[in-house]
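The next block holds one structure in the form of structure tokens; read it before the comments.
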Amino acid sequence: MTNREIGRTLDRIADLLQIKDENPFKIAAYRKAANSIYHLDEDLHVYYQHDRIGSIPGIGKAVKNLIEELIEKGSSEYYQRLVQDIPEGVLDFLRIPGLGHKTAALIYEHLGIDNLDDLLKAAQDRRIRTIPGLGSKTEYNIKKGMDLLQQSHGKTTLGLALPLAQQLRDYLAESPLVELISLVGSIRRGKPLVGDIDILVATRNGEEIKNLFRNYRELQQVMDEGPDYIAGQLSFGIKVEVIMVEPPHFYGALAWTTGSKEFRDRVWEGIEPDRFANLASEEEVFKVIRLSFIPPEMRENQGEIELAQQGAIPRLVEAADIKGDLHVHSDWSDGGAKIQETVTQARLLGYSYVAITDHSQSLGISGGLNEQRLSQQGKVIDAINQELDDFHVLKGIEVDILKTGRLDFDDEVLEKLDVVVASIHSNFKLDKETQTDRIIQAIKSDQVDIIGHLTGRLLNRRSGYELDIEPVLQAAAQYQVALEINSHPDRLDIDEHISRQAREMGIKIAINSDAHHREDLKLLQYGILTARRGWLQPEDVLNTMDYDSLITYLRNKDLR
DNA sequence: GCCGTTTTCGGCCCGACTGTTTTCAGTCG
């Protein structure tokens with residue numbers, strides 16, 4: 001079992017306990033343990049071998065035993081006992097926004113429903129409102145929520161799929177029979193939601209590769225196979241297909257299988273496949289079709305083919321361009337890492353600066369900082385900066401945009417900070433006009449440098465709030481406020497479309513991790529993929545600036 | 001169920017909004 005699967009089992013135990021209305025602190029304990037495991041930087045099996053599971057914060061004797069049982073047997077007796085009371089299908093109810101544990105329990109108890117299909121039927125048949133305490137709004141909410149689930153049906157976030165894909169690729173790559181290998185399809189293009197994982201292998205022995213695949217530890221089942229492919233399912237129900245080609249055809253197939261269907265249809269029309277044999281790189285494939293090289297993330301037929309015909313493909317931003325991270329939480333609010341740990345990690349990533357941007361006071365649950373704590377934190381940051389000569393910690397805040405559009409701190413407080421990220425964390429359901437005005441007000445506030453996760457969307461969970469993007473972008477352009485690409489793979493907000501539009505309007509973009517743990521700084525890779533899908537170049541991105549330029553930029557709003 | 005620089009037992013748990021109500025329970029960040 002992977003860390004992720006073990007963490008998910010603990011989360012599901014917490015959900016089951018919550019549906020059973022157990023002690024909330026016990027539930028919180030399971031959630032905390034799950035969270036610790038998600039943010040571990042090493043395989044739990046390694047902890048197990050060294051008997052160190054008990055040393056993980058939030059994991060005591062009971063959870064330690066449970067994890068050991070999961071590692072040894074692949075299942076847990078306690079979990080099995082819980083699902084005898086509450087069928088696992090009831091947990092799916094929780095994926096509907098606004099439907100929580102209490103409501104799930106009510107529906108199961110009164111109607112005996114234990115799967116989403118029957119739940120939808122019951123909502124359509126107006127049977128939900130027969131349950132005391134539930135009404136027509138809940139029925140409407142279920143129908144709407146099911147719509148959302150069905151829209152993204154079968155698709156997985158890149159954050160879940162990419163690590164699994166890379167693991168499988170690396171496993172196959174170890175075989176001497178694999179001459180060349182690459183991820184292809186939507187996952188190589190960096191799409192935020194992917195239907196499946198596609199891997200292309202160059203080999204002269206397809207049968208052996210299939211055997212290798214069948215023996216993969218994380219493979220749950222083989223679904224389908226043919227002479228030159230094999231498909232199966234990994235954990236979390238993620239589908240995977242391994243496509244095999246003879247080595248001379250690898251690069252032709254690589255280019256063919258990477259682009260979207262629309263891209264393929266246009267670029268490959270009427271070209272004989274034989275022309276791509278024996279090429280030495282993907283660049284050569286593009287030479288054959290008389291286009292300059294198009295980065296995988298752009299291959300969507302959205303104008304890039306025309307650019308390639310003119311030799312005008314932009315130089316997209318890449319990881320090496322990034323000089324720092326401008327949205328990072330610490331243990332001063334809801335983050336798990338000390339500022340010093342974040343600094344160490346940021347230096348490992350080759351950054352020269354990082355901004356500590358904890359939550360502001362009104363976000364109580366996240367331990368938001370009041371003015372006094374913020375100033376204390378500033379002193380700690382000063383002390384850390386004293387010790388560093390080639391790295392800078394910026395003083396920042398992720399200030400809440402209140403319901404009225406005002407910020408959670410007065411100007412005098414924000415003025416003293418190096419960087420101000422302003423974000424919405426409450427009142428998601430305001431009407432479009434009010435919500436739009438609210439954000440524009442924050443943009444105009446004179447203190448804000450970056451708007452964080454602009455639309456509030458959570459992939460596969462929640463659409464963004466009602467928002468009129470056009471006037472927001474106009475205001476951002478006019479007042480020279482940057483927009484964030486929040487790199488968390490559940491957000492990737494703003495998305496590639498808004499990014500591209502913003503770039504065309506001259507708005508700067510900050511690619512931020514919004515890290516809440518040390519390891520989360522690495523999530524920036526997903527934001528970079530989104531930026532590339534939005535055609536962003538290094539000069540469009542705020543945090544490609546070196547420290548001196550950045551500070552000059554931040555301190556002189558009128559020079560922007 | 002976890003944890004301990006007041007504690008090995010007794011805390012841990014904020015606040016706003018929404019829906020279903022008629023004064024409150026559930027959800028969520």
Side-chain angles (χ1 to χ4, degrees), chain A residues 9-11 13-37 53-67 76 78-79 82 93-110 123 128-142 144-145 329 333-336 358-370 373 398-404 408 423-431 434-435 438 452-453 455-458 461-465 486 488 490-491 493 514 516:
Chain A
T9 304
L10 295 175
D11 257 332
I13 289 175
D15 283 331
L16 290 163
L17 292 173
Q18 205 167 344
I19 291 170
K20 284 165 69 93
D21 201 22
E22 293 250 3
N23 176 359
F25 300 107
K26 185 171 167 178
I27 294 161
Y30 275 101
R31 292 212 194 281
K32 186 168 179 233
N35 218 11
S36 280
I37 288 169
I53 291 178
S55 71
I56 301 167
I59 295 187
K61 212 173 162 193
V63 176
K64 172 175 182 274
N65 287 337
L66 198 143
I67 292 172
S76 138
Y78 182 54
Y79 181 76
L82 287 172
F93 297 1
L94 303 174
R95 290 162 61 199
I96 292 171
L99 198 161
H101 301 83
K102 289 281 156 83
T103 311
L106 273 177
I107 294 171
Y108 175 60
E109 279 164 23
H110 281 82
I128 300 295
R129 66 183 70 183
T130 63
I131 301 169
L134 302 183
S136 60
K137 282 276 173 76
T138 309
E139 274 172 0
Y140 173 73
N141 187 37
I142 289 171
K144 209 173 130 215
H329 295 270
S333 68
D334 62 347
D358 277 306
H359 290 288
S360 61
Q361 51 198 358
S362 75
L363 212 60
I365 183 79
S366 299
L369 305 183
N370 57 24
R373 294 256 302 150
E398 182 181 13
V399 67
D400 236 51
I401 302 173
L402 303 175
K403 187 174 182 179
T404 55
D408 197 17
S423 318
I424 283 182
H425 293 105
S426 61
N427 297 293
F428 298 143
K429 290 192 175 172
L430 302 181
D431 65 74
T434 318
Q435 198 69 283
R438 179 186 183 192
H453 45 75
T455 77
R457 76 161 178 186
L458 290 175
R461 273 194 285 161
R462 184 178 83 198
S463 319
Y465 21 79
N486 188 295
H488 195 290
D490 289 344
R491 291 192 183 271
D493 178 14
D514 195 3
H516 283 71

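Here is the naming used below: chain letters follow the sequence lines, and residue numbers restart at 1 for every chain.
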Tell me whether the side-chain N/O atoms of [X] come closer than 4.0 Å to OP1 or OP2 in [N].
X	N	result
A:Arg462	B:dG29	yes
A:Ser426	B:dG15	no
A:Ser362	B:dG15	no
A:Lys403	B:dC17	yes

Next on the checklist: Rounded to whole Å, please give me the gap between NZ in A:Lys429 and P in B:dT18.
Outcome noted: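 So the two atoms are 7 Å apart, to the nearest Å.
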
Checklist entry - A:Asp490 CG to B:dG29 P: how many Å, rounded? => result 11 Å

Item to check | Interatomic distance, A:Ile19 atom CD1 to A:Leu94 atom CG [nearest 0.5 angstrom] | outcome: 5.0 Å

Next on the checklist: Looking at A:Asn23 and B:dG1, is any side-chain donor or acceptor paired with a base atom of the opposite kind under 3.5 Å?
Outcome noted: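 Pair found.
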
Given the [atom1] atoms of [N] and [M], what is the spacing between them in whole Å?
N	M	atom1	result
B:dT18	B:dC12	C1'	27 Å
B:dT6	B:dG11	C1'	13 Å
B:dT5	B:dG1	C1'	23 Å

Checklist entry - Is the charged tip of A:Arg462 near the ring of A:Phe428: under 6.0 Å from the six-membered ring centre and within 45° of its axis? => result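 Judged by the rule (NZ or CZ under 6.0 Å from the ring centre, within 45° of its axis), A:Arg462 counts as positioned above A:Phe428.
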
Checklist entry - So, A:Asp400 versus A:His359: side-chain donor-acceptor pair below 3.5 Å or not? => result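 No, because no side-chain N or O of A:Asp400 sits under 3.5 Å from a partner of the opposite role on A:His359.
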
Checklist entry - Under 3.5 Å, side chain of A:Asn486 to main-chain N/O of A:Arg491, donor-acceptor pair present? => result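 Side chain of A:Asn486 to backbone of A:Arg491: no pair is present.
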
Next on the checklist: Applying a 4.0 Å non-hydrogen cut-off, can you work out what A:Lys32 is touching in the nucleic acid: base, sugar-phosphate, or nothing?
Outcome noted: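 Nothing, no heavy atom under 4.0 Å.
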
Checklist entry - Touch check for A:Ser136, heavy atoms < 4.0 angstrom, all strands: base, sugar-phosphate only, or nothing? => result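 A:Ser136: backbone/sugar contact only, no base atoms under 4.0 Å.
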
Item to check | Mate of B:dT8 where both pairing distances stay under 3.5 Å, Watson-Crick or G-U | outcome: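 In the structure as shown, B:dT8 has no Watson-Crick or wobble partner.
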
